[in-house]
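First comes the structure, then the notes that go with it.
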Amino acid sequence: MGYIEDFLNLSNSYYQGVFQKDYDFFYLKSKSDIKMKDQVYRIANSLGLKVEHSDFYDIQSLKSYRIKTIRQFEIVFLGYDYLIYKNIGKELINFDAIKYAENLNKFKTKYPDVSHIAESLYLRNINLIADFFLCDVEKLKQGKINLFNQSTKRLMFNINNR
Amino acid sequence: MTPVNNKSLIAFLFDQMEKLDSNTIDVEQAKGQANLAKQVNNAMKYELDLANTKMKVAEFNKNNDLKVEIRNAESKNFE
């Protein structure tokens, strides 16, 4: 049993999930309206994570909720949908958009039942990553960005927005 | 001296982001570190440019009677 199966088994009336091993991103999609804080704790509990501290912050226009746990992860709310990714930043050091797209296609072939979820989450994640690196989504998709330059930009952005 | 490559520099930048986030370093320190990383990146770019130029010179010298040489400034001792 891999993470994907484990995660799909977590599906309940609140959410169904997809996990992609490649970059350790958790993807969760809610099926109904959510009460943010309650839901964050609920998800953390279902993942066996002890919540130590929590705070709100924005990744540009996207509302997100960060909770610090033993394994830090982050939940981003987009309307009624949300997804979780842990350790935004460090996980992206090895980010390779071309490989990510290839992995998505492999995933869709292997799990056709949830391919539409994976596809929409891929698009959202690419958008989030482009937001993180402050770059154009299309350029990112084509692997035409210089990660060093974009990481410097991001660090400067963080510095200027303190 | 720690050897660096592009990936380790990116990791360094992410490290600074985390430290800034957790207030381990302040804004001025983070700025300083970012500038240092930029300088290291410039040095790496210089290495690549040098290799590129050497290739072009070698190609040029193969096809021309006039031989061009690049002065090896780095390995030359101070006079």
Side-chain angles (χ1 to χ4, degrees), chain A residues 23-25 52-60 64-76 85-100 128-135 140 143-162, chain B residues 1-62 68 70-76:
Chain A
Y23 294 109
D24 277 358
F25 288 154
E52 291 168 348
H53 172 71
S54 62
D55 61 330
F56 280 102
Y57 86 121
D58 281 338
I59 299 178
Q60 292 194 335
S64 78
Y65 191 82
R66 171 181 289 185
I67 61 172
K68 282 183 183 164
T69 61
I70 295 163
R71 286 156 53 206
Q72 186 180 322
F73 69 99
E74 196 164 339
I75 301 176
V76 177
Y85 52 100
K86 66 185 175 79
N87 292 337
I88 180 118
K90 284 225 159 153
E91 293 293 329
L92 299 178
I93 291 172
N94 296 316
F95 183 71
D96 179 343
I98 308 288
K99 202 174 163 195
Y100 191 25
L128 276 172
I129 294 164
D131 261 1
F132 179 79
F133 281 124
L134 310 166
C135 65
L140 179 70
K144 284 182 182 168
I145 64 154
N146 178 329
L147 276 191
F148 175 83
N149 289 344
Q150 298 311 129
S151 307
T152 314
K153 249 191 201 176
R154 180 69 211 192
L155 177 57
M156 293 315 288
F157 176 87
N158 287 2
I159 289 169
N160 295 328
N161 287 282
R162 288 288 287 175
Chain B
M1 291 275 277
T2 315
V4 292
N5 58 22
N6 195 269
K7 199 51 85 59
S8 69
L9 268 185
I10 296 171
F12 173 79
L13 290 173
F14 277 103
D15 235 27
Q16 300 313 308
M17 280 182 224
E18 273 188 4
K19 282 182 181 170
L20 185 66
D21 216 26
S22 60
N23 292 324
T24 314
I25 57 170
D26 61 27
V27 168
E28 288 309 313
Q29 282 171 312
K31 268 185 196 167
Q33 302 285 23
N35 286 333
L36 272 177
K38 275 183 200 167
Q39 293 300 330
V40 176
N41 194 45
N42 285 342
M44 294 202 303
K45 257 188 206 159
Y46 166 77
E47 291 279 332
L48 280 175
D49 285 346
L50 183 65
N52 207 1
T53 310
K54 277 182 176 170
M55 275 166 58
K56 280 181 186 162
V57 168
E59 190 66 32
F60 177 86
N61 287 348
K62 229 195 289 177
V68 176
I70 301 179
R71 193 165 64 96
N72 191 348
E74 285 88 351
S75 64
K76 196 171 183 293

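Every chain is numbered from 1 and lettered A, B, ... according to where its sequence line falls, protein lines coming before strand lines.
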### Message
Once rounded to the nearest 0.5 Å, what's the spacing between atom CG of B:Asn41 and atom CZ of A:Phe148?
### Response
4.0 Å
### Task
Please round to the nearest 0.5 Å and tell me the distance separating atom CG of B:Asn35 and atom CE of A:Met156.
6.0 Å
### Nearest heavy-atom neighbours spanning A:Leu155 and B:Ala30
CD2-O, 4.3 Å
### Straight-line distance of A:Thr152 OG1 to B:Gln16 CD, nearest 0.5 Å
11.5 Å
## Note on the structure
Smallest heavy-atom separation, B:Met17 atom then A:Asn158 atom, equals CG-ND2, 3.6 Å
